Amino acid sequence: MAETAVSFASQHLLPKFLEAVKMVRDLPKEVAEVTDELESFQEFIHEANKVAEAEEDNSKLNRIRKRLMRLREASFRMEDVIDDYLICDEKQSEEDPRCAALLCEAVEFIKSQIHRLQIAYQIQDVKSLVRAERDGFKNHFPIEPRSDSSRGKENFTWHKFRMDPLFIKEHEVVGLEGPTQTLKKWLTEGREERTVISIVGMAGLGKTTLSKQVFDKVHKHFECHVLITVSRPYAVEELLRTMMNELCKEIKEDPPRDISTMNQLSLIKEVRNRLCNKRYVVLFDDVWNETFWNDIELAMIDDKNGSRILITTREEKVAEFCKNCLLYRLQTLSKEKSLELLYKKAFGYGFHGRCLEDYEEAGLGIVRKCGYLPLAIVAIGSLLYRKCKSPSDWALFSQNLSLELESNFELDSVKKILSLSYDDLPQNLRSCLLYFGMYPEDYEVKCGRLIQQWIAEGFVKHELERNLEEVAEQQLMELISRSLVLVASFTIDGKVKACRVHDSMHEMIRGKIKNTGFCEYIDGHNHLDSSGITRRLTVATSSNDLSGSMEESEHVRSILIFANETEDFTSRLLGKYIRLKVLDFESAPLYEVPENLGSLIHLKYLSFRSTFIRSLPKSIGRLQNLETLDVRTKGEVQVPKEITKLRKLRHLLSRSISSTSLKNSLGSMTSLEKMYKLAIDEDGVVIRELGKLNQLRDLRLDDVRGDHVDTLCSSINEMPLLERLDIYVQYGAVIDLHITLSLCKLRKLHLFGSLKEFPNWISRLQSLVKLSLNQSRLTNIPLKSLGNMPNLLFLCFDAYSYEGETLHFQGFQKLKELRLKSLPQLSSIFIDSGALQSLEKLLIMNIRQLKAVPSGIQHLEKLQVLEIFHMPIEFLQSINPNGGEEHWMIQHVPHVSFVAKNSAMLFAEIAAGIFSSTLYSGTIEGSQYVRSILIFTKENLSEDFTRSLLAKYTRLKVLDFGYARLTEVPENLGSLIHLKYLSFRGTSITRLPKSIGKLQNLETLDVRTGLKVEVPKEITKLRKLRYLLGNPISIAVKDSLGSITSLEKMHVLTDPDGVVIRHLAKLTKLRDLRVSNVKGDYANTLCSSINEMPLLERLHITLNYGPQEIDLHIRSSLSKLRMLHLRGNLKEFPNWILPLENLLKLSLGQSMLTNIPLISLGNMPNLLILSFGPTSFEGETLHFQNGGFQKLKELNLVHLHQLSSIFIERGALQSLEKLQIMNIPQLKAVPSGIQHLKKLQVLDILYMPTEFLQRIDPNGGEDYFMIKHVPHLHVARTNSDFL
């Protein structure tokens, strides 16, 4: 029996066991092979996808797509098994096999080996699956190399769109007049040397049209001219032959007989011979290869006779490769020119005979959707010409344009033209570009966010001597140079800060991600059902609509949330998608993070930025692969100590991180590269831990104490890679920063707090780009040394950073921006001739002793922007355009901005002449690029004047009529689509036009006119509006106010019927809310709405006048509330007021309260101003107790008719500076204890009883001794009686 068992084991079990051991041992090699295979397999899928795109037979296309779905699923399984191995391998490396003798360790070891064996079997299955799917596709749909000449219908469409611009007539061209003149000048004038001129831009901008129009205009200036369309790809010999044939054709001679057999060198010689001693122009259209110039340079002889080569390309690198190349970046058309082009294509020769106003609104919608791209406008215009004739047809087409672009085969040509650039990309860049499809249209994504997501996705690979961020930045720049990605904003040193893709490119990308399973984009209007499985989700709708899609997705790696609601969604999401690598909740209304967050063990990127979460669960310590954690939320976030287990974490980002839970183990997080903002606790233990983080590149510290400095400097000396350093010193501390490390990579330095002396090591920072000092209180700054810093671009001396009287600038040859703010002792600024020669922007703000502009400012020839804020009147008068003696010194600056305290009065005189009707035609007509207009004229503004002004300045961003004599607002206000700030404050207008709904970029609307202003329902279309200010505001459409979700300030809102109050709850970003005329029936609704506003900083509630007592029961913590005003009959004092730790100002009026909890109020930590207004308190006594109201600076007691006595105990109100006592008829004596208020500066006594006034009479009043220490005493018996 035993022999049988042994025989069975040796024949069957032992081979299986040995096979398993071999599979586990060979697992790393198998994974490496699968990883290599994955890249080639993804390239195969890309080629297979091209087969699908070229297929015209719908039946066959569906079969191809089913096969493609199987290929993608196989690819996803390859990625998943590689990830499983990496997780398992990390766990294996953490175990110590020497401990396997112990039972627990042995069990865990066996488990891990079983897991590895399972992965080995999965790899075998995946390899078999990949082979089978690849062979199956090849057998059914062979993939053959496709040249341009074998593209079938696609090739015809491509060549038609490429050839059409070469034959377009001049009168058909729209919007290229300016570029044509510029290029014509470049081609015909300038240097004698041969010059290359490159027109660069994305597909569809009209590069070929422009180049051909210019070429036709200038070729008569040249002895020889040739136009060549460059194929993709091209053979150099064939290109030279084409050039040779064209040259021979022009001079009417036959090409050499052996031209077809000539080699490259012979062809170059022949071309040179025919160009020799001739002034020539050659146009190479649509160049792709960045080394193109290398291929043709030798043929382009340079006889120093003004010859020109004109190149059009999508790739900026093509231009960069050419020596001494002039680069012209072609932009999209203007709104007006786009509309004109659309009309020409849609109406043909009937263009001028139509009433175009009927088509304008729909037309604008169409060209906006096209992103003002000529290619898309031409294609859509041609479609409209055939299908849509009436304005109603246009309106319907505009409304459904997204669907048309996606489904109408007649518009496929636009996507195919754009797709050529996509197809030319390597696999990793294709994925990077497709990632923009996860963001909404027109979304400007911050580069830091995008790059970290690319890294988490695995799109970025390690390269020798470069970190992942540097590689990712290079990939982004590659997409930008190929004109696929647009730059939205730059940093001061020229780095890309934010980017986006063109709307038409976004449409193309959406088509790709739909067909490739790259991503599924889900929103309320457009649910893109991917073909089968999907890898990523973008959720832009409420969770209630997601159940179906979420159930179907099994391989999701990334989720981006743009939904307005996340209730009951997050927990389900985390439970289902355990293989996530990227999870981004940025700006979502998220309040809680479920405990099951820890199940996402693959997660690499996690963002809660701009959410409302207060804490992270302890389970976050299980996210062992997490590399980026962004908790820059709306408030403070409690970070658990378990976060120190995240050994791969590279970026820990927060507005404030408490060091209490991290201080003993922060040093173990040795992968950290960015950490901010770390608040240092009292003992400073965490600072020693910082010294262990030698990979840090960005460190920002808060609340640094004086006794921490030596330890801090020692820790910083261990951080050679630092690129940014921010240090905020605790108030009152004076520190001496003595850092000995060279910090050779440091680019940005911000120091906030008192410094013993200017740190001399700063001047040695060779890479420093940006330096900012604040509250430093330095009496000496070595400007000469700073001026010699080779790369300094930005310098800011902020509030109280410098306490000297003079700043003398020498050097600073690269500085682009200088800010001088709140320097109370500074009285003179000198700029040497030759200093600050690159300065483009100068800010001078709130410098009270500075009465004249900086001496030498007239030498700053590159200065573009001069901002002057809150400066003394002498300073402003000296630069008055009308006679100011120093105005000549700044008149060369294109953009000068003024903001002053009491500006309405101050600038009425300065600006009256500029905006007067007599000077209108001269001064304003000459301004072609005006972005902002402030009106201070004392003349009446006629409607004609205002209408003309609005018609001319359609690119305004700021329009301020504050206190101008304006009574009517013209309807053409709606043409100012760029407008962000609009003020009618203090005017006499009574209504706003309906066209205000077109101001889609408006952020601030101020209608505090003092009159009732009719606000049309169209205002609810302003989805970017942040400030809506009036007194009062009555909204015409009350049930749609909640759609203006960007609102941060709204006052004063009146809502007698309570409809608007219900919709206030949707305005979760409100920081300032003031409502009036609230009836008691709607108080509960109002409170419920306020509970949804965690960001509130100011709240005014005025209840409807009447005897009804109202109980305000607000449950939200309102942790940010700073100002609170309640006016109306309250049932009782609201107890939720007392916990408001940030409250600075509290005002009650008509509250009719018989009891106010003064003891509790006195314990509020930050209360500075307290006002008990008319009939707010109906008790007889107010008692301010010892130790209470320690920070209160102002106390107002007004119209309290029952109050007969006030007691102030010694030790109460110790910071009080101002006390107002007004119209309290029963109060016959000054407050008892007022003599103890040593800081009291102002005492206002207004309309008090005779007995009260007699007791404080300086001539014998018995209580006068109690108030004689007050410097400023104001007494009034009547309105005009001040004693």
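Keep in mind it's a predicted model, so treat the numbers as computed, not measured. Positions are given from 1 along the sequence.
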Can you sort out the partners of His887 under side-chain hydrogen bond (donor to acceptor under 3.5 Å, both in side chains), two or more places apart, ordered by chain and number? none
What residues, two or more places apart in sequence or in another chain, satisfy side-chain hydrogen bond (donor to acceptor under 3.5 Å, both in side chains) together with Thr806?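 With sequence neighbours excluded, Thr806 shows a side-chain hydrogen bond (donor to acceptor under 3.5 Å, both in side chains) to Ser828, given in chain and number order.
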Would you please name every residue forming a ring-ring contact (aromatic ring centres under 6.0 Å, His included) with Phe321, sequence neighbours left out? none
Of all residues at least two apart in sequence or in a different chain, which pass the ring-ring contact (aromatic ring centres under 6.0 Å, His included) check with Tyr443?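 Tyr443 satisfies ring-ring contact (aromatic ring centres under 6.0 Å, His included) with Tyr439, Phe562 once adjacent residues are dropped.
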Once salt bridge (Lys or Arg N to Asp or Glu O under 4.0 Å) is applied, do any residues pair with [X], and if so which ones, sequence neighbours excluded?
X	answer
Arg449	Asp584, Glu586
Arg647	none
Arg724	Asp726

Mind checking side chain to side chain contact (heavy atoms under 4.5 Å, CB included) for [X] and listing every partner two or more places apart, or none if nothing turns up?
X	answer
Gln813	Gln837
Lys317	Glu290, Glu320, Glu478, Ser481
Glu723	Arg697, Lys745
Gln474	Glu463, Arg466

Can you tell me how the ring of Phe797 sits relative to the ring of Tyr802, calling it parallel under 30°, perpendicular over 60° and tilted otherwise?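 Because their plane-to-plane angle lies in the 30° to 60° range, the rings of Phe797 and Tyr802 count as tilted.
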Side chains of Tyr676 and Arg632, donor plus acceptor under 3.5 Å: yes
What I want to check is whether the side chains of Asn717 and Thr740 have a donor and an acceptor closer together than 3.5 Å.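 Yes, side-chain donor-acceptor contact under 3.5 Å.
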Pairs meeting criterion side-chain hydrogen bond (donor to acceptor under 3.5 Å, both in side chains) with involvement of residues 762-779, two or more places apart: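 The answer is His750-Ser772, Asn774-Asp798, Arg777-Glu803.
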Is a donor on one side and an acceptor on the other found under 3.5 Å between the side chain of [X] and the backbone of [Y]?
X	Y	answer
His738	Asp710	no
Glu470	Asn467	yes
Ser659	Ala679	yes
Arg1026	Thr1004	no

May I have the step-by-step check of side-chain contact (heavy atoms from CB on, under 4.5 Å) for Leu690 and Leu678, ending in yes or no? CA-CA 10 Å; Leu690 284 175; Leu678 181 65; 4.1 Å; yes
